[in-house]
Amino acid sequence: MARKEIYYTEEGKGRDNGKVFFIREMSATAAEWWAIRAGLAMAKNGVKIPDDIAKMGMVGLSQIGFDLLGGISPADAKPLLDELMACVQFVPNPSDHSIKRGLIEDDIEEVSTRLKLRAEAFKLHVDFFKAAAN
């Protein structure tokens with residue numbers, strides 16, 4: 001089975017409205033290392049992980065996961081958040097999804113778009129929480 005992939009179209013009212021982004025799941029090795037470092041950072045910063053995390057469903061899992069990451073230090077969070085953004089590519093022509101490229105600074109003009117893309121990338125990877133809890 002191939003890695004999970006999604007296309008995300010920004011539908012906000014800002015400068016990024018209508019822009020299309022491609023998000024691809026990390027490799028199993030990269031996702032495992034990301035999850036281990038996220039867990040270690042949460043433990044180091046005293047974040048309590050709920051016992052019933054596996055029962056929360058994907059939406060709940062993605063929300064609580066982001067909340068849990070919010071409990072770690074900026075120094076620990078930055079590389080983890082940067083790696084999530086590395087999963088995102090820009091689709092320069094919204095009507096032709098066959099062309100994708102890595103992000104450059106001017107591709108995203110709104111902070112809210114960056115936050116949404118990071119959240120979408122996180123949601124694409126939340127299966128590791130479920131697998132770890134089973």
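In this structure, the side chains of Phe90 and Lys100 stay at 4.5 Å or more apart for every pair of heavy atoms. Side chains of Met85 and Ile108 form a contact here, defined as non-hydrogen atoms less than 4.5 Å apart. Annotation: side chain of Leu80 is in contact with side chain of Arg37 (closest heavy-atom distance under 4.5 Å). Considering only heavy atoms from C-beta on, Met26 stays 4.5 Å or farther from Arg3 through its side chain. Side chains of Glu10 and Lys116 form a contact here, defined as non-hydrogen atoms less than 4.5 Å apart. A 4.5 Å side-chain heavy-atom check between Lys78 and Asp82 finds at least one atom pair inside the cut-off. Proximity of Ile99 to Pro92: side-chain heavy atoms (C-beta onward) are separated by under 4.5 Å at one or more points.
A donor-acceptor contact shorter than 3.5 Å links the side chain of Arg118 to the backbone of Leu81. A side-chain donor-acceptor contact under 3.5 Å links Asp16 to the backbone of Glu109.
To the nearest 0.5 Å, atoms CD1 (Ile23) and NE2 (His125) are separated by 9.5 Å. In this structure, the separation between OG1 on Thr9 and NZ on Lys19 is 12.5 Å, given to the nearest 0.5 Å. Atom-to-atom distance recorded for Glu120:CD and Cys87:SG is 12.5 Å, nearest 0.5 angstrom. Put simply, CZ on Arg15 and OG on Ser112 are 9.0 Å apart, with the number rounded to the nearest 0.5 Å. For the atom pair CD1 of Ile6 and CZ of Phe21, the computed distance is 12.0 Å after rounding to the nearest 0.5 Å.
By the criterion of side-chain heavy atoms lying less than 4.5 angstrom apart, applied directly or through intervening Ile, Leu, Val, Met, Phe, Trp or Tyr residues, Leu84 is grouped together with Met42 in one hydrophobic cluster.
When all heavy atoms are compared, the tightest approach of Leu103 to Asp107 is CA-OD2, 3.4 Å. Looking at every heavy atom in both residues, Gly18 comes nearest to Pro94 through O-CG, 3.9 Å. When all heavy atoms are compared, the tightest approach of Pro79 to Asp76 is CD-O, 3.6 Å.
For His97 and Tyr7, the ring centers are positioned less than 6.0 Å apart.
For Tyr8, the ring-ring contact (aromatic ring centres under 6.0 Å, His included) criterion is met by no residue, not counting sequence neighbours.
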